[in-house]
Number of protein chains: 2
Amino acid sequence: MVKSYSQIKQPTLTMTQEEKQTGQIILEAARKVFQKSGLGGARMQQIADEAGINKASLHYYYRSKDKLFQAVFQEDFRRFMIPLSGILFRETELTVEERITTFVRSFLRTLIENPHLPLFVIHELTRNPDRLLDMVQGRSVHMEEGDGLDYGKREPNLFLRQIRDGIEKGKYHKVIPEQFVISIIGMCVYPSIARPIIRHWLRKDDDQYNEFLEERQSEVIDYAFRILIKDYKPYEHQFNEF
Amino acid sequence: MVKSYSQIKQPTLTMTQEEKQTGQIILEAARKVFQKSGLGGARMQQIADEAGINKASLHYYYRSKDKLFQAVFQEDFRRFMIPLSGILFRETELTVEERITTFVRSFLRTLIENPHLPLFVIHELTRNPDRLLDMVQGRSVHMEEGDGLDYGKREPNLFLRQIRDGIEKGKYHKVIPEQFVISIIGMCVYPSIARPIIRHWLRKDDDQYNEFLEERQSEVIDYAFRILIKDYKPYEHQFNEF
DNA sequence: AAATAATTTAACCAAATGGTCAAATTTTTC
DNA sequence: GAAAAATTTGACCATTTGGTTAAATTATTT
């Protein structure tokens, strides 16, 4: 017996092992195509081919192109934001220096391992800023318990407050904390986003460019400390854990 | 008498005053739509509506969507690159400090005045990196004499060499010049590219965000100097010209 | 002002796209 | 192992898309 389309038990809600696999294959294929071509440029047929299945099966697992996109985007958005919310702004006992060191390392690692991530996330977020609200508050069927995004408490944000404290105590230079934070993130993200331009300028191939990004870790940490810390002596962050 | 399509004298090659105007109107409409939706997402009908003309006229002035896109992209690419090639890398008599100060100011100004510029350029360049070659060497019918792009001489690039000299003389900290340059650019570009995310984080409206970018000018210059210069005293760049 | 060239327009067109559906096939249940 | 449920598939559809064309309109030339 064949059920009409709308009566089909939703596979995303009742995945057995095999179903989960197929759903996962589709998701990865979709990620590849969406990251390369964006929501508008991606073709359902292309995703089906990439996944090695029939186009109709895409709609069986994910009702529409947009639903499929949402599933992909939500994961990528979280992956992009985890170092931010998890290290930079979470209310843990970390010092400013530890936050910066750990953040830069883990963020640049994420970017090396996911070269298309930031441009994809930022581009789609710019195209449709409403997604931000969906991401930050909303919890979709594809997210698990505790996956809610969280920049950390706002106002007063602990990290920003730590920086202000250090400035008041004369330990740090007089920076504008928000500008300083954006600068660190920008120093990390930009070379990933502008990869083709910079690669062209420096005449590097893909592997050489990844080395350039590896080398960048300690460089950016140095820069950040030099901007912030008054009596900074280079390389001391290399003796940290991690 | 009506000429067949291919026999029509190409308007882009023989623009009278009125033609130039119409062509310009189309170009501006196309820029708006392309910047908002990208090459794939933009619709010719949407551009025609925006320009207030018939869709067929678009093809009369620019043979195809891709030709129109190229005309738009070429201009935007150049606008994006001018501060880089014109200030940072041009072989003029500027000091490192002057280059940095002037570059950051003019670059951030460009970004404030053209909010969609960098994401548009970088996104389309990532989608189709071959355009880079077209841009750098090629000279299209839409570019005028002397418009050829030029990063400046490569290897040895004067700016990089100036930094290396300063390091050798003990005047500058021991940075990797390429990484340092990318960092300055990243500190400028990132807040423009990630506008929706940062706006959301800082809870700023459009005007407030532009103020944030204005305020950023001296902040980034401070950061750059603090990273580079050993005995840097803040605010001295404010006494420069410009 | 007639002839000619340039521009604008409405009506079309072929191809591509997201999506649907009923039938066929495979897997699970009893 | 038969019945039921879940999955996969090829064929199909309505809409949208970039692009074309011939006729109508406007500018220019002589």
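Just so it is clear, the structure is predicted and the values come from calculations on it, not from any experiment. Values reported hereafter were calculated over all heavy atoms of this structure, with side chains retained and with hydrogens, waters and symmetry mates removed. Proteins get letters first, then strands, A, B, ... in listed order; numbering begins at 1 in each.
In this structure, B:Y190 has no side chain to side chain donor-acceptor pair (under 3.5 Å) partners at least two apart in sequence or on a different chain.
You'll find the side chain of B:Y61 stays beyond 4.5 Å of the side chain of B:Q24, heavy atoms only. Side chains of A:L39 and A:R127 form no contact here, defined as non-hydrogen atoms less than 4.5 Å apart.
In this structure, A:I53 atom CD1 and D:dG10 atom P are separated by 12 Å, rounded to whole Å. Counting to the nearest Å, the C1' atom of C:dT8 and the CD1 atom of B:I25 are 14 Å from each other. Note: CG (B:N54) to P (D:dT20) measures 14 Å, nearest angstrom. Following rounding to the nearest Å, B:Q46 (CD) and D:dG19 (P) show an atom-to-atom distance of 15 Å. Separating the CG atom of A:L58 from the P atom of C:dG19 is a distance of 10 Å, rounded to the nearest angstrom. For B:Y62 and D:dT20, the OH to P distance is 17 Å, given to the nearest whole Å. Rounded to an integer number of Å, the gap from OH of B:Y60 to P of D:dT21 is 15 Å.
Taking the six-membered ring where tryptophan is involved, the planes of A:H123 and B:H123 are essentially parallel, since the angle between them stays under 30° and well short of 60°. The aromatic rings of A:F73 and A:F69 sit parallel, their planes meeting at an angle under 30°, below the 60° perpendicular limit.
The backbone N or O of B:A42 lies less than 3.5 Å from a partner atom in the side chain of B:K65, making a donor-acceptor pair.
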Detail all sub-3.5 Å separations between protein N/O atoms and N/O atoms belonging to nucleotides 15-18 of chain C.
from   : atom 1 : to    : atom 2 : distance (Å)
C:dT17 : OP1    : A:R43 : NE     : 3.0
C:dG18 : OP1    : A:A42 : O      : 3.2
C:dG18 : OP1    : A:R43 : NH1    : 3.4
C:dG18 : OP1    : A:K65 : NZ     : 3.0
C:dG18 : OP2    : A:M44 : N      : 3.1
C:dG18 : N7     : A:K55 : NZ     : 3.3

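Distances shorter than 4.0 Å separate some side-chain N or O of B:Y61 from OP1 or OP2 on C:dT8.
Comparing atom distances between the A:T22 side chain and each of C:dT8, D:dT9, D:dT8 picks out D:dT8 as nearest.
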